[in-house]
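Written out below as structure tokens is the structure these notes cover.
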Amino acid sequence: DVKVTQSSRYLVKRTGEKVFLECVQDMDHENMFWYRQDPGLGLRLIYFSYDVKMKEKGDIPEGYSVSREKKERFSLILESTSTNQTSMYLCASSSDAMVGMDEQYFGPGTRLTVT
Amino acid sequence: DQQVKQNSPSLSVQEGRISILNCDYTNSMFDYFLWYKKYPAEGPTFLISISSIKDKNEDGRFTVFLNKSAKHLSLHIVPSQPGDSAVYFCAASALEYNQFYFGTGTSLTVIP
């Protein structure tokens, strides 16, 4: 049974603070993803990684960075938070080399509020 | 630009009736489609998929239909149950792409 866990369920931060969101998967998946979900906008891809130390920008990478030092762990970093980064952040993983042909498994999400 | 669209933000259906959720896409390169279900405060969970070589795929109460010429897919849930109340996302991709493109979601409420 695939499990994707995220370090926090809820976070409240002040504008300008640095935030680390950590994601861990236990199925030895190659690919890991960070999305944000906003009402009326669906899920939008921030970054993904297809191997350790490899990363690719998604559709909305501005204001975010990522780190993948170990295969099972993928971190999303917000260097200096702003109120427009208030959102639900979802991590996902998938196993196939063909990313576009394989279902993704999602974590429970982190609700980040920036005040 | 939204390549995958779900034009109905919400849908209410009586228990036992059919729920039909719709999804349209604009990119003719897409050839693999997924539906996810999401409960509040949980991550999306995979429900059913279809590739472009098929026009229908069934899994229990869930059936997905694909109309490639119309660039349209739909998810049918029969019979609908209160536990089906959730937000449903469709997603599309292709072998050439490194990501799935998600729709905006449809919130389904099944009324007991």
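In what follows, chains carry the letters A, B, and so on, assigned in the order in which the sequence lines appear, proteins first and then strands, with residues in each chain numbered from 1. What you are looking at is a predicted structure, and each value in this text was computed from that prediction instead of being measured.
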Hydrophobic cluster membership, with links at side-chain heavy-atom distances under 4.5 Å among I/L/V/M/F/W/Y: are Tyr89(A) and Val87(B) in one? no
- Same cluster for Phe62(B) and Leu21(B) if Ile/Leu/Val/Met/Phe/Trp/Tyr side chains link at under 4.5 Å? yes
- Query: Between Phe100(B) and Phe33(A), does a ring-ring contact (aromatic ring centres under 6.0 Å, His included) hold up when you go through it step by step?
  - Reply: CA-CA 10 Å; Phe100(B) 275 92; Phe33(A) 309 83; 8.3 Å; no
Scanning both residues in full, the closest heavy-atom pair of Leu43(A) with Phe102(B) reads O-CB, 3.7 Å
To the nearest 0.5 Å, atom OG of Ser93(B) lies from atom CD of Gln104(A) at 8.5 Å
Co-membership, hydrophobic cluster, residues Tyr47(A) and Tyr50(A), 4.5 Å side-chain:
no
Bottom line for Arg111(A): the part with an atom under 4.5 Å from chain B's heavy atoms is neither
If one checks every heavy atom of Tyr101(B) against chain A at 4.5 Å, the contacting part turns out to be side chain
Hydrophobic cluster identity match, Val66(A) and Phe48(A), side-chain contacts under 4.5 Å: no
Tightest non-hydrogen contact, residues Tyr10(A) and Ala41(B), listed as OH-CB, 4.2 Å
Checklist entry - For Arg17(B), does the CZ atom sit with more than 12 other heavy atoms under 6.0 Å from it, leaving out its own atoms? => result no
Applying a strict 4.5 Å limit to non-hydrogen atoms, the region of Leu41(A) in contact with chain B is backbone
Is the number of heavy atoms from other residues, nucleotides or ligands within 6.0 Å of NZ (Lys54(B)) greater than 12?
no
When the 4.5 angstrom heavy-atom criterion is applied to Gln37(A) and chain B, the contacting part is side chain
request  = Give the cluster check for Leu76(A) versus Val114(A): same hydrophobic cluster or not, with ILVMFWY residues linked at side-chain heavy-atom distances below 4.5 Å.
outcome  = yes
* To do: Show your working on side chain to side chain contact (heavy atoms under 4.5 Å, CB included) between Asp59(A) and Gln99(B) and close with a plain yes or no.
  => CA-CA 10 Å; Asp59(A) 296 322; Gln99(B) 65 177 86; 3.1 Å; yes
If one checks every heavy atom of Tyr36(B) against chain A at 4.5 Å, the contacting part turns out to be side chain
When the 4.5 angstrom heavy-atom criterion is applied to Pro9(B) and chain A, the contacting part is neither
Correct closest heavy-atom pair for Gly43(B) and Leu90(A) would be CA-CD2, 4.0 Å
Self-check item: From CA spacing to verdict: side chain to side chain contact (heavy atoms under 4.5 Å, CB included), Phe106(A), Thr45(B)
Solution: CA-CA 7 Å; Phe106(A) 284 85; Thr45(B) 54; over 6 Å; no
If one checks every heavy atom of Gln6(B) against chain A at 4.5 Å, the contacting part turns out to be neither
In this structure, are over 12 heavy atoms from other groups packed under 6.0 Å from Lys5(B) atom NZ?
-> no
